[in-house]
Amino acid sequence: MNAQQLVPLALPRGRTLRCELCGGPALLRCGACRVTCYCDVDHQKADWVSIHEKICQLLIPIRTSFPFFNSEKERKHGMEQLLHRQKHLVDLTHKVAQKFVFEGKHEEAIPAALHSLRFSIDTCGPDSMELVPAYLILAEASTGLGHLTQAEEYLSQAQWIVLKTSDCSNGIQSKLHRNLGLLYAAKGNFEESLYHLATDIYFASCAFGTHDISTSGGYFHMANVFFRQNKMDIADSLYTEVSDIWHAHFSRLIQVQSQTLTSPAEINILSEEVEISEEPLNEAQQAEASQVLNAILDIREQAPKQQPAKTASVVHGLAMLHYLILDLPKAHDLGMKAFLITKQLPNQDASEAIHHLLKLIKSKPFYTK
């Protein structure tokens with residue numbers, strides 16, 4: 001990261017450069033791309049840590065003046081390239097911001113989400129449904145930081161767009177209500193929070209199914225509310241549902257991976273129960289799974305009344321997660337922990353599944369312990 005001081009007198013008359021984060025008058029710019037400006041070094045550093053390091057060079061063709069085009073065909077091609085680059089940046093900045101939110105790094109998420117919002121406005125206009133995901137991430141990050149007034153403003157913007165759009169998807173409705181649920185939970189209004197989280201689960205179930213990982217977040221946040229209300233039986237059942245959803249998802253991914261690697265020529269004749277089209281975990285999903293399952297594990301291990309079978313299931317899920325992301329030493333440690341817990345249980349079915357996972361881990365050519 002390097003900075004260059006701006007000389008206001010060197011700018012064209014009437015032109016004011018603004019800080020990328022706060023919109024205030026800019027006093028310096030990034031020395032690498034020379035197209036991104038800031039009010040001070042602190043804002044430049046915050047943007048760099050969040051997203052600018054990843055998109056620095058990608059901003060140059062977007063924020064540099066168009067060359068002179070010799071024909072309408074060239075001009076059209078240039079505009080198509082610009083739009084393609086902007087859409088790529090919308091997707092990239094959104095994924096980075098979402099990953100930070102799942103990791104609990106709310107401050108780092110905000111600059112990336114602001115970029116996502118601006119690029120969405122540039123490509124789709126100020127009233128498009130495409131802006132809603134960025135507003136929702138900004139709201140969730142603001143809620144996480146305790147900036148509830150700012151979170152409400154972002155959610156109001158998202159709600160206004162949703163209300164004006166007749167064909168809003170169930171997935172977007174789900175995310176909107178999840179964020180409203182988180183906001184009300186942060187305010188201590190648990191009744192209103194549970195209403196919105198239940199609505200989130202309804203829309204997510206319509207979009208993805210009741211046992212999909214996209215729906216599990218609603219169950220998890222609802223469990224947290226019941227936990228804060230000291231309604232432990234309800235919270236426990238919801239935490240179990242969440243860990244079961246992730247456990248089943250990881251099991252499917254490992255099954256598909258194993259069968260594909262074993263006999264790739266026979267993929268088309270595999271059992272219909274195996275979804276060969278199952279997408280691998282993206283970074284945001286990895287961060288969400290890690291955050292959620294580790295939180296549930298902490299609750300399980302600190303509970304006055306221990307439930308070894310449920311604890312083992314969560315640990316097994318974490319072991320599968322680390323196996324899938326190729327963190328094999330961690331996967332082995334967690335697998336052994338789960339295996340030792342299940343050996344004390346009367347039902348040994350879980351032990352067999354964990355033993356199979358441990359064999360898969362050790363079969364990897366780059367596994368070292």
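Values reported hereafter were calculated over all heavy atoms of this structure, with side chains retained and with hydrogens, waters and symmetry mates removed.
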Legend entry - side-chain contact (heavy atoms from CB on, under 4.5 Å) against Leu58, all qualifying residues, sequence neighbours excluded: Ile55, His88, Leu89, Leu92
Inset, instruction - Report yes or no: does Gln44 contribute a side-chain atom to a donor-acceptor pair with the main-chain N or O of Cys37 at less than 3.5 Å? - result: no
Inset, instruction - Could you tell me which non-hydrogen atom of Ala134 sits nearest to which non-hydrogen atom of Ala113, and how far apart they are? - result: CB-O, 4.1 Å
Legend entry - Atom CD of Glu72 with >12 non-hydrogen neighbours under 6.0 angstrom: yes
Legend entry - Non-hydrogen side-chain atoms of Thr36 and Arg29 separated by less than 4.5 Å: no
Legend entry - Shortest non-hydrogen contact from Ala109 toward Ala141: CB-CB, 4.2 Å
Legend entry - Geometric class of the Tyr38/His52 ring pair [parallel <30°, tilted 30-60°, perpendicular >60°]: perpendicular
Legend entry - Short N-O contact, Asp236 and Arg300, less than 4.0 angstrom: yes
Legend entry - More than 12 heavy atoms from other groups under 6.0 Å of CD on Glu283: no
Legend entry - Hydrophobic cluster membership, Ile161 vs Leu155, 4.5 Å side-chain cutoff: yes
Inset, instruction - Taking Ser193 for its side chain and Asn189 for its backbone only, find out whether a donor-acceptor pair lies under 3.5 Å. - result: no
Legend entry - Option passing side chain to side chain donor-acceptor pair (under 3.5 Å) with Asp200 (candidates His177, Arg178, Lys175): Arg178
Legend entry - Flag side-chain contact, heavy atom, 4.5 Å: Val96 against Glu108: no
Legend entry - Within-4.5 Å side-chain heavy-atom neighbours: Val314 and Ser243: yes
Legend entry - Side chain proximity check, Gln150 to Leu138, heavy atoms < 4.5 angstrom: no
Inset, instruction - Decide yes or no for Ile245 and Tyr219: does some side-chain heavy atom of the first lie under 4.5 Å from some side-chain heavy atom of the second? - result: yes
Inset, instruction - Would you confirm whether Ser120, through its side chain, and Leu131, through its main-chain N or O, come within 3.5 Å as a donor-acceptor pair? - result: no
Inset, instruction - Determine whether Glu192 and Tyr195 make a side-chain contact, defined as any pair of heavy atoms from C-beta on separated by less than 4.5 Å. - result: yes
Inset, instruction - Decide if atom CG of Asn2 counts as having more than 12 heavy atoms of other residues, nucleotides or ligands within a radius under 6.0 Å. - result: yes
Inset, instruction - Indicate the atoms forming the closest heavy-atom contact of Arg118 with Leu21, along with that distance. - result: NH2-O, 4.0 Å
Inset, instruction - Determine yes or no for a side-chain-to-main-chain donor-acceptor pair under 3.5 angstrom, with Ser128 supplying the side chain and Gly125 the backbone. - result: no
Legend entry - Backbone N/O of Ala287 and side chain of Ser290: donor-acceptor pair under 3.5 Å: no
Legend entry - Neighbour count >12 (heavy atoms, 6.0 Å) for atom NZ, Lys164: yes
Inset, instruction - Give a yes or no on whether Gln4 atom CD has more than 12 heavy-atom contacts from other residues, nucleotides or ligands under 6.0 Å away. - result: yes
Legend entry - Contacts of type ring pair (Phe, Tyr, Trp, His ring centres under 6.0 Å), residue His43, not counting sequence neighbours: none
Legend entry - Heavy-atom donor-acceptor pair, Thr143 side chain to Ala139 backbone, under 3.5 Å: yes
Inset, instruction - Over all heavy atoms of both residues, which pair between Phe100 and Val49 is shortest? Give the atoms and the distance, please. - result: CZ-O, 4.0 Å
Inset, instruction - Could you tell me if the ring centre of Tyr184 sits under 6.0 Å from that of His196? - result: yes
Inset, instruction - Look only at the side chain of Thr64 and the backbone of Ile60, and say whether a donor-acceptor pair between them is shorter than 3.5 Å. - result: yes
Legend entry - Atom NZ of Lys45: over 12 foreign heavy atoms under 6.0 Å: no
Legend entry - Presence of salt bridge, Glu152 and Lys187, under 4.0 angstrom: yes
Inset, instruction - State whether the number of non-hydrogen atoms from other residues, nucleotides or ligands found under 6.0 Å of Phe190 atom CZ is greater than 12. - result: yes
Inset, instruction - Answer yes or no: are there more than 12 heavy-atom neighbours, outside Lys95 itself, under 6.0 Å from its atom NZ? - result: no
